[in-house]
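Data first, discussion second: the structure below is written as structure tokens.
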Amino acid sequence: QVQLVESGGGLVQAGGSLRLSCAASGSTFGTYAMGWFRQVSGKEYEFVAAITWNGGHTRYADSVRGRFTLSRDNNKNVVDLQMNGLQPEDTAVYYCATTPTIVGLTTRNSYNYWGQGTQVTVSS
């Protein structure tokens, strides 16, 4: 069982930055790949970024590549999503999630544990 808690969301102006954190409980954190998804109300979940269990490989959605950076610290059981150059279209609820596999990292159904989400709002 893994529990995930996101933090760091908020309101920011376009061009600004936020850093989201996902704190995980459970001794198996270091064996899981981690991902971030976002959802605008009424729309499908959108893949944002993922990182393998040891941080050796990251993957980003085209819409955020070059602006967002994903990192993890397995000693602290934390995954951070640094978001720079935020735009109004980045406004959404952001969720972190875990998956025991490295296959299908961009697919929501690959993930088995999810956090409660944190709201990010970017004003124009």
Side-chain angles (χ1 to χ4, degrees):
Q1 185 83 11
V2 177
Q3 292 184 325
L4 305 173
V5 178
E6 301 97 335
S7 62
L11 174 64
V12 65
Q13 289 186 333
S17 299
L18 284 174
R19 188 176 184 89
L20 304 185
S21 290
C22 176
S25 64
S27 60
T28 58
F29 172 79
T31 65
Y32 284 82
M34 300 292 297
W36 284 90
F37 289 75
R38 63 189 182 187
Q39 187 189 31
V40 175
S41 181
K43 295 187 177 181
E44 294 291 322
Y45 281 77
E46 178 190 10
F47 169 75
V48 175
I51 188 167
T52 51
W53 69 273
N54 62 352
H57 178 70
T58 52
R59 188 163 182 178
Y60 298 94
D62 290 342
S63 59
V64 307
R65 187 175 295 111
R67 300 188 296 125
F68 291 12
T69 303
L70 186 57
S71 61
R72 68 187 296 164
D73 185 338
N74 287 346
N75 291 323
K76 298 181 179 179
N77 281 14
V78 171
V79 172
D80 289 333
L81 182 67
Q82 178 66 42
M83 306 187 296
N84 298 328
L86 285 162
Q87 299 300 318
E89 53 265 36
D90 295 316
T91 295
V93 178
Y94 283 70
Y95 299 87
C96 69
T98 69
T99 174
T101 178
I102 62 170
V103 176
L105 289 178
T106 64
T107 305
R108 179 190 176 191
N109 290 341
S110 298
Y111 293 79
N112 51 357
Y113 294 107
W114 292 77
Q116 83 289 348
T118 185
Q119 176 70 48
V120 171
T121 303
V122 185
S123 62
S124 57

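Given the structure is predicted, the values throughout are model-derived calculations rather than measurements. In this chain, numbering begins with 1 at the start of the sequence shown.
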With R38, the side chain to side chain donor-acceptor pair (under 3.5 Å) member among Y94, Y45, Y95 | Y94
Kindly give the heavy-atom pair with the smallest separation between R72 and G55, and that separation in Å.
-> CD-N, 3.9 Å
Side-chain (N74) to main-chain (N54) donor-acceptor, under 3.5 angstrom | no
If every non-hydrogen atom of S124 is compared with every non-hydrogen atom of A14, which pair is closest and at what distance?
-> CA-CB, 4.3 Å
Heavy-atom nearest pair, S71 first then R19, reads OG-NH2, 4.0 Å
What closest approach, in Å, do N84 and S17 show between heavy atoms, and which atom pair accounts for it?
-> OD1-OG, 2.9 Å
Judged by modelled atom types alone, do Q82 and D80 share a side-chain donor-acceptor pair under 3.5 Å?
-> no
Side chains of H57 and I102 in contact at under 4.5 Å (non-hydrogen atoms) | no
Taking atom CD of E6 and atom SG of C22, what is their separation to the nearest 0.5 Å?
-> 5.5 Å
Answer yes or no: is there a donor N or O on one side and an acceptor on the other, between the side chain of R65 and the main chain of Y60, under 3.5 Å?
-> yes
F47 vs F37 aromatic rings, parallel, tilted or perpendicular, using cut-offs 30° and 60°?
-> perpendicular
Joint hydrophobic cluster, V12 plus L20, side-chain heavy atoms closer than 4.5 Å = yes
Answer yes or no: is there a side-chain heavy-atom contact under 4.5 Å between E89 and S63?
-> no
Give a yes or no answer on whether the side chain of S25 reaches the backbone of Q3 with a donor-acceptor pair at less than 3.5 Å.
-> yes
Flag side-chain contact, heavy atom, 4.5 Å: T91 against Q119 = yes
Determine the minimum heavy-atom distance between A24 and V2, stating which atoms define it.
-> CB-CG1, 4.3 Å
For residues V120 and M83, determine if any side-chain heavy atom of one lies less than 4.5 Å from a side-chain heavy atom of the other.
-> yes
Straight-line distance of T118 OG1 to L81 CG, nearest 0.5 Å = 11.0 Å
Please report the closest heavy-atom contact between L86 and R67, naming both atoms and the distance.
-> CA-NH1, 3.9 Å
Show me the donor-acceptor pairs within less than 3.5 Å that the side chains of residues 106-113 make with the rest of the protein, sequence neighbours left out.
unit_1 : atom_1 : unit_2 : atom_2 : d
S110   : OG     : G104   : O      : 2.8
Y111   : OH     : L105   : O      : 2.5
N112   : OD1    : T98    : OG1    : 3.2

Indicate yes or no: at least one non-hydrogen side-chain atom of V79 is less than 4.5 angstrom from one of L70.
-> yes
For residues W53 and Y32, determine if any side-chain heavy atom of one lies less than 4.5 Å from a side-chain heavy atom of the other.
-> no
Heavy atoms, side chains only, cut-off 4.5 Å: are S21 and K76 in contact?
-> no
Distance-only, no hydrogens or angles: does the Q116 side chain make a donor-acceptor pair with backbone N or O of V5 under 3.5 Å?
-> no
